[in-house]
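First comes the structure, then the notes that go with it.
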Amino acid sequence: MLDIIPTRDPAHIRHGSNSGQPLTRRDGALKVTGAARYAADNHPPKMLYAVMAVSSIARGRVVSLDVAAAKRHPGVVEVMTEQNRPALAEDPDAKTNPFMFRYEAMQNDRVRYANQPIAVVIAETLEAATEGAALLAPTYEVEPARTGLDGNESFVPPAVGVGNPSALRHGDVDGALKTSAHAIDVTYETPAQYHNAMEPHGIVAQWDGDKLSIDTPTQGLVMMQARIAGLFGIPPGNVHIRSPFLGGGFGSKGLISGPVVLGLLAAKLVQRPVKLVLRRDQMYGPVGHRSPTRQRLRMATAKDGALTAIDHHAKVASSTFDDFFEPAANASHSLYASPAIAISHEAVRLDNGTPLFMRAPGEAPGSLALECAIDEMALACGMDPLAFRLKNYAEVEPISGRPFSSKALRECYTQGAERFGWAKRPLEPRQMRDENGFLVGWGMGTAIFPALMFAAEARAVVRRDGSATMETGAHDMGQGAWTALAQIAADALALGIDEVEFKAGTSDLPDAGIAGGSAHTATAGSAIHNAGAAVIAKLAELATSDQRSPLFGAGNAGVIARGGRLHRRDDDSRSESYVDILARAGLAEVEARGNGAIDPAAQANYAMQAHGAVFAEVKVDPELGQIRVSRMVGAFAAGRVINPRLVKSQYFGGMIWGISFTLHEEAITDRRSGRIMNANLAEYHVPVNADVPPMEALMIDEHDPYVNPLGIKGVGEIAITGSAGAVANAVWHATGVRVRRFPIRIDDLLKGGDG
Amino acid sequence: MKRFDYVRPNTLTEAISAAAEPGAAYLAGGTNLLDLMKGGIAHPTRLVDVSRLPGLDRIERQADGSWRIGALVRNADLAQDPDFAKAFPAIVEALLSGASGQLRNAATVGGNLLQRTRCSYFYDPASACNKRTVGSGCDAREGDNRLHAILGWSDSCIATHPSDFCVPLTGFDAIVEIAGKNGSREVTVEALHPLPGTTPERDSVLAPGELITALRLPATASTFAGHARYLKVRDRTSYAFALVSAAAGLVIENGTVKEARLALGGIAAKPWRARSAEAMLAGARPERAAFEPAARAALTEAKPSGDNAFKIELAERVIVRALMLAAAGTPDRVPALPASPFSSHAGAALHA
Ligand SMILES: Cc1cc2nc3c(=O)[nH]c(=O)nc-3n(C[C@H](O)[C@H](O)[C@H](O)COP(=O)(O)OP(=O)(O)OC[C@H]3O[C@@H](n4cnc5c(N)ncnc54)[C@H](O)[C@@H]3O)c2cc1C
Ligand code: SF4
């Protein structure tokens, strides 16, 4: 067998000089000069502007729209309503698989949530379309809106997240809760949150007969292509989507949304290219959000602090017309060793848009509650929170008993704690003050996120003129896919990064899977790696079977690819360049494809998770209750690091998101109308620079021979987990006030907590 | 959205006559007015763009020691004027704690005084709001009202005035110069914003078409310079409106307070001058024991307008802290994180 066939153990794979390098983003210059073309930057000739009119009620039906007034407005070309919108081949309310979500494309006059699109005005200018939409002056038949987790009938969802069981029970939880030495029973609440990517959702759509040309930001090119083909009854090959850059997605651009379909319908209706871009406030409804949660955690330990039971119950909300249940309680099933673990969910249906995947869906709110509860449990045992976590360290996955494919969490704890100075932390709260008299608190949280893999394909070509191409329809959401995947591509072909043309971001390329679940680098990277290996195998085959090659007969010894040449493994001085191999074989190029996919056997045998430990320091004004995070250290172990600079920026982003989760973000819904009252970036708070402290993110070495051939786990979401809890625990440690409703506010600290 | 005229007059007289028409509005930096127009909350039929009127962009110290600031001076420019900052450090701190750098570059003195409330129901045309539509009701009363007023509110409106700048201006007796078709007049900043009563649609005492031309600070106002601070408590460290804010100024002689100034923000439909507290402080020693009763006195009439009782307690504590900071003396330079409890000049002595 040739050496270049990927083995299971990444330690045996030669890694060229690209992976592991902290390259800056290859698209950075394009972005800072404004040359990177985002979807809404496209203006095909004769393009019209479409503006959505959205519902101001959360439940009921549209009784009238003054279409005539809108049409009379100069510049308005057409008004698309339920009455005249082109037919779809597929019902927007159809659901044939759990990954298919319902959306509004004006299929009837029903209103199911505030900000639901109810009409689209298409005009020569954005201003005319905006004015036209205002002139529609809708009237409604209003029904009372169902809001809030209380007062609405609850039920047990059949599944949570994507097809995860809604409940799991292992061991005698109730027995342990009754008989153990220490026990806690605490309830935490987290609010609804909206993704708020900087780039709003939008589309520029152009029909040519039954062919579609589309610019839109998406985290799932091929999935979207297939969905659109189904909706319009055309072959997927007729749908061409460009999505070279996303101004953030965070999950909200993973699935097709109603507004995107409306853009396609509008272009079809007027038979001209159409651009439809959401206003910021219109992003609070039709493009997903994170459900509010109420999580009850019951835990018990033996005298020595060993957990005897964890019971994590989460109440969440979905919409009235579709099923997505934030799998918050699942955060508890793989982290802490306990002989008895129970996880369960219940849900209500509210008159809001369907909640969907939002960065670390389930894990983010779940980890916040779990890490706070662990802190409370440690206190009940009189133990240091880190010592308590180490005491309950899971050497194998708690419920399944499977070994971990790799788990350097202990090193994360040790190195993070060391760097932070955790050892000096007093056990009791409200013990530390800084030189200005502010209360100081230290808190920690454990980070965990599953190492997922989807399916992807890549295609590699090496040419006789010395050029090479690697292509896969990958997505750069700002995380740096253009760079990290190009690094893997260069290594896969044993070439310099500038010698490989890396193509991504369009739907005509091989399917790179979705950019979600923190799995994109692992999935698309594995496909790239295998495509490279396959093309080099072909070159090796050509060379080693040709008597005229210096590599002839090396079949058994094997060859190694390096710097555009194949070298005999047992005699490095005998080598031949790709160019010479192809020239002699009389071939213009060799091409090969490779796949990235999970290995079902490895999945069955191993639990695969990335881990980390986050330490936070906060300062709190003792009288005024204002909170500021002053220091954060995160240490994460997530397998192989392809680009430390990009990975670090993902960790920082996640840690900042954790601050946001605990101290800032909250969508405020008027409980009577169901409208969101702070649907703008001034009042929907996320941290500003002054809220973000100096941060350190340590990358802890971890070699994982099982997750995938490259040994990569994901880094896009994990740092939210652990961080949110660390900040919350630090606030408690600073003040002695345990706030269990998030975000923590000044009011809570003034009142003395327990809000 | 609707069609409107846009005029850019060259002189004050032209501006005033252009704005005489019903439905006209002055446009300065536009950071508030344009948002209101885009959101369908304000519907002027004519925009009179005063942003380039000559002569209204000056910061002048008069011979009598008073200061005159043109209505078109940008918030950022005023905050960065070193002489002004020396005379009125609390005003500068307030300015710098408002909005963001970008917004302060555009926002004007006049526009800041006349910015409208941030009540989220006022901004939502689908909600009932007496301030936006006379007699339509007030959805904030039973709604999300954590940020609403605790003083001076009425059954018809519980909104607050959001300006930071106005708070120390009120405390230091600033005067607004107004020009209109019937000539000029002046009012104090304190009297500029009426309480809602039964007419919450009235945000200011300006008659339609009247233009603010300048702001004046009396010579006496700068006597507080050595002990003047602004403190603003908010839901994040920067770029957020005040939950509660306070401007405090003291004249301290021989270890006692000769004169005190105290004004509050974020708690009423107008910047709130706390005169009873000022009176209690005069003659007292500048220390917590005197500040606490004064703070309580400032809030005696406060009552929650909804889910905001915490603001009463918070306001008392903010007053005490602002007075402590003022008593400790104005720092030589505007601190980093102006007006924040975390501004770098807080001292251990200030905390309980
Ligand atoms: C996101 C955001 C955050 C903000 N945060 C804060 C904050 O923390 N603290 C704070 O204090 N402010 C804050 N602001 C408000 C900001 O200070 C005001 O928008 C600004 O001061 C208004 O000034 P302008 O010149 O842009 O006014 P414009 O928007 O042009 O005008 C505002 C109003 O004043 C009238 N007007 C303007 N000039 C005159 C004049 N000379 N005579 C008569 N009428 C006039 C206009 O007709 C209009 O009604 C924030 C604003 C935004 C958008
Ligand atoms: S508080 Fe005032 S501004 Fe707010 S909704 Fe009520 S009337 Fe309108």
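In what follows, chains carry the letters A, B, and so on, assigned in the order in which the sequence lines appear, proteins first and then strands, with residues in each chain numbered from 1. Because only heavy atoms are used, hydrogens play no part in the values below, and waters and symmetry mates are left out as well, while side chains stay in. Quick caveat, the model's predicted, so the values are computed rather than measured.
- If you measure heavy-atom distances from A:L624 to chain B, the contacts under 4.5 Å come from both the backbone and the side chain.
- Using a 3.5 Å distance cut-off with no hydrogens or angles, the side chains of B:Y121 and A:D670 do pair a donor with an acceptor.
- We find the OG-CG distance between B:S238 and A:N689 to be 9.0 Å, quoted to the nearest 0.5 Å.
- Within 6.0 Å of CG on B:D307 lie no more than 12 heavy atoms contributed by other residues, nucleotides or ligands.
- When B:S127, B:S100, B:A309 are compared by the number of non-hydrogen pairs under 4.5 Å with chain A, B:S127 comes out ahead.
- Only the side chain of B:D124 comes within contact range of chain A, with heavy atoms under 4.5 Å apart.
- Neither the backbone nor the side chain of B:L147 has a heavy atom closer than 4.5 Å to any heavy atom of chain A.
- Rounding to the nearest 0.5 angstrom, the gap separating the CG atom in A:N678 from the CG atom in B:D144 is 8.0 Å.
- For chain B, the nearby part of A:I627 is the backbone; its heavy atoms alone come within less than 4.5 Å.
- Contact of B:D139 with chain A is made through backbone and side chain together, with heavy-atom distances under 4.5 Å.
- Nearest heavy-atom pair, A:K619 versus B:F342, reported as atom, atom and distance to 0.1 Å: O-CZ, 3.5 Å.
- Put simply, of B:E142, B:R146, B:R317, B:R236, the one with the most heavy-atom pairs under 4.5 Å next to chain A is B:R236.
- Using a 4.5 Å heavy-atom threshold, the side chains of B:E316 and A:E623 count as separate.
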For this session: Report the C-alpha distance between B:R234 and A:H685 in whole Å, list the side-chain angles of each, state the deciding distance to 0.1 Å, and finish with yes or no for side chain to side chain contact (heavy atoms under 4.5 Å, CB included).
Result: CA-CA 11 Å; B:R234 48 204 136 160; A:H685 282 185; over 6 Å; no

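- Proximity to chain B (any heavy atom under 4.5 Å) is shown, for A:R279, by neither the backbone nor the side chain.
- With respect to the salt-bridge test (charged N to carboxylate O, under 4.0 angstrom), the residues B:K311 and A:D747 do not qualify.
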For this session: Show your reasoning for whether salt bridge (Lys or Arg N to Asp or Glu O under 4.0 Å) applies to A:D621 and B:R321.
Result: CA-CA 11 Å; A:D621 189 296; B:R321 177 68 62 75; 2.6 Å; yes

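- Expressed to the nearest 0.5 Å, how far CZ of A:R628 lies from OG1 of B:T237 amounts to 5.0 Å.
- Once rounded to the nearest 0.5 Å, the distance linking CE of A:M677 with SG of B:C119 reads 7.5 Å.
- Only the side chain of A:R672 comes within less than 4.5 Å of a heavy atom of chain B; its backbone N, CA, C and O stay farther away.
- Only the side chain of A:H664 comes within contact range of chain B, with heavy atoms under 4.5 Å apart.
- Proximity to chain B (any heavy atom under 4.5 Å) is restricted, for A:L681, to the backbone atoms N, CA, C and O.
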